[in-house]
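Report on the structure given below.
All values below were derived from every heavy atom in this structure, side-chain atoms included, with hydrogens, water molecules and symmetry-related copies excluded. Below, chain A is the first sequence line, B the second, and so on; all start at residue 1. Computed from a predicted structure; not experimentally measured.
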There are 2 protein chains.
Amino acid sequence: MNQTAEQSIVSGVLEAIAEHRLKAGVKLGEQDLCEIYHCNRAHVRRALATLEAQKVVKLEPNRGAFIATPTPDEARNVFQARRAIERVIAENVLRKASADDIARLRDHVEQEQQARQSSERRNAIRLSGRFHLILGEMCGNEVLDEFLNELVMRSSLIISMYSASQAPLCGDEEHELIVDAIAAGDETALLERIEHHLHHLERSIAIETDNTSPNLKDILQPPSG
Amino acid sequence: MNQTAEQSIVSGVLEAIAEHRLKAGVKLGEQDLCEIYHCNRAHVRRALATLEAQKVVKLEPNRGAFIATPTPDEARNVFQARRAIERVIAENVLRKASADDIARLRDHVEQEQQARQSSERRNAIRLSGRFHLILGEMCGNEVLDEFLNELVMRSSLIISMYSASQAPLCGDEEHELIVDAIAAGDETALLERIEHHLHHLERSIAIETDNTSPNLKDILQPPSG
DNA sequence: CTACACAATATTGTTAACAATCACAAGTCT
DNA sequence: AGACTTGTGATTGTTAACAATATTGTGTAG
């Protein structure tokens with residue numbers, strides 16, 4: 001119950017972020033988490049420290065823990081880092097993917113399409129991110145895999161912040177094209193498609209760059225004055 | 001004194017690792033850290049959690065905190081990740097380096113050479129790692145910079161584990177060649193030199209790959225039988 | 001009616017005491 | 001002598017109480 005408590009909190013929060021149930025800025029009260037996970041504050045605090053280290057939670061002194069609110073700059077940096085990391089991951093996967101691996105990828109892509117067609121939006125979002133994590137698992141480099149995990153989480157936050165709630169998440173067939181390139185052993189096509197896919201994902205969300213007004217006046221000012 | 005306490009512990013431990021004062025496997029007792037940094041166990045615990053998240057400290061339940069002991073596999077993974085990250089960092093730096101930046105790099109390289117010539121080994125080690133961190137600061141991408149920080153720390157541990165204590169750390173002039181390529185705006189040369197430098201660093205330490213015997217018998221068996 | 005000051009409440013930060021576990025050493029038995 | 005058991009001390013894990021701070025609500029003056 002010891003490690004389990006902390007890990008339950010961490011993985012619970014991360015899953016909630018991945019499924020866009022937890023949105024940026026939401027407060028994570030210690031008492032609330034204590035009751036939800038039936039543990040004491042020490043465990044909650046440790047879990048929050050771990051989440052802070054992964055940059056998905058911001059700890060403000062004497063105020064509490066909040067889901068991180070990535071800035072536009074941070075968003076761009078995250079996506080650039082993803083392109084760098086996923087490029088190497090793809091190279092590794094291409095080199096060492098077995099027939100089973102490719103079958104697993106194809107199976108996952110099919111699940112994604114079914115979730116989309118069934119309009120299980122929450123599940124579709126989760127599976128869409130999971131595709132990249134599967135590549136991370138397959139690449140044979142735990143360090144890269146851990147980095148990717150963090151980046152995908154942060155991406156999920158960014159998407160939930162900046163993208164329209166009804167916008168299509170991913171090009172449906174882009175993941176499939178990536179698997180095709182892996183199956184064909186075509187490194188040039190693979191790298192190009194990874195790059196294109198991430199650029200497309202980044203551009204599909206409108207990252208406002210000029211959010212220099214930290215006050216709510218411009219947003220919530222009543223129209224009548 | 002609050003945030004300072006935890007950050008003092010974290011940065012203190014990281015600096016000690018960077019200078020090879022703290023070696024892999026050393027125990028970090030809570031009581032010891034409390035006395036050294038004049039704080040209570042809660043702060044120490046939080047600092048250790050942060051260090052664990054950065055993979056430089058391993059927390060073993062009911063046993064305590066220990067400086068991480070990277071395996072050969074992990075070592076290779078760290079270096080592969082470094083090549084991927086530092087490649088992008090170098091591209092960014094090349095694109096946006098100012099004259100001041102280049103001057104700063106040249107100044108640093110000169111400090112490195114002086115430290116080496118003065119045989120201030122500890123300082124030379126620290127500066128050698130710091131060169132890469134300066135590139136990270138200059139690249140304009142905090143995400144990449146944070147990843148690099150973690151990787152350089154882990155590399156420092158790896159080097160202190162696997163390299164002979166008297167071995168030359170880095171080729172003296174490799175950093176200088178990198179700065180030259182940046183100053184000349186030569187991307188091809190820059191990327192090649194970064195790649196070469198990291199490969200050279202990795203190969204300069206003898207990472208044993210066949211440590212498949214988990215018992216000490218083969219190693220510590222008295223010769224007389 | 002607005003703005004400011006003050007009080008009440010809730011939340012986080014800190015500390016200390018207690019419990020559980022582990023490492024080491026002494027002792028016992030074969 | 002060697003291996004096993006037991007007991008002691010030290011270290012980590014857990015919990016609760018207390019202090020400090022922020023937030024919210026209330027009341028009063030302008």
In this structure, how many angstroms lie between the C1' atom of dT14(C) and the NE2 atom of His43(B), rounded? 7 Å
From CA spacing to verdict: salt bridge (Lys or Arg N to Asp or Glu O under 4.0 Å), Asp107(A), Arg104(A): CA-CA 5 Å; Asp107(A) 182 62; Arg104(A) 185 178 166 208; over 6 Å; no
Report the distance from atom CZ of Arg41(B) to atom C1' of dT14(D), rounded to the nearest whole Å. 9 Å
Take atom CG of Asn62(B) and atom C1' of dT21(C), then tell me their distance rounded to the nearest Å. 5 Å
Let me know the distance between CD of Gln31(A) and C1' of dA16(D), rounded to the nearest Å. 13 Å
Rounding to a whole Å, what distance do you find between Arg46(A):CZ and dG13(D):P? 8 Å
When you measure from the side-chain N and O atoms of Arg45(A) to the phosphate of dG13(C), is any distance below 4.0 Å, counting only OP1 and OP2? yes
Does Arg82(A) form a side-chain hydrogen bond (donor to acceptor under 3.5 Å, both in side chains) with His132(A)? I'd like the steps, not just the answer. CA-CA 10 Å; Arg82(A) 274 191 70 164; His132(A) 295 262; 3.2 Å; yes
Just how far, in rounded Å, is P of dT11(D) from CG of Leu33(B)? 12 Å
Can you measure Glu30(B) atom CD to dA16(C) atom P for me and round it to whole angstrom units? 15 Å
Integer-rounded Å distance: dG13(D) C1' and Leu48(B) CG: 14 Å
Look at Lys27(B) and dT12(D) and indicate whether a side-chain polar atom (N or O) is within less than 4.0 Å of OP1 or OP2. yes
Approximate separation, where rounding is to 0.5 Å, of Glu142(A) CD and Leu148(A) CG: 13.5 Å
For the residue pair His175(A) / His197(A), report whether a side-chain donor-acceptor contact shorter than 3.5 Å exists. yes
Can a side chain N or O of Arg63(B) be found less than 4.0 Å away from OP1 or OP2 on dT12(D)? no
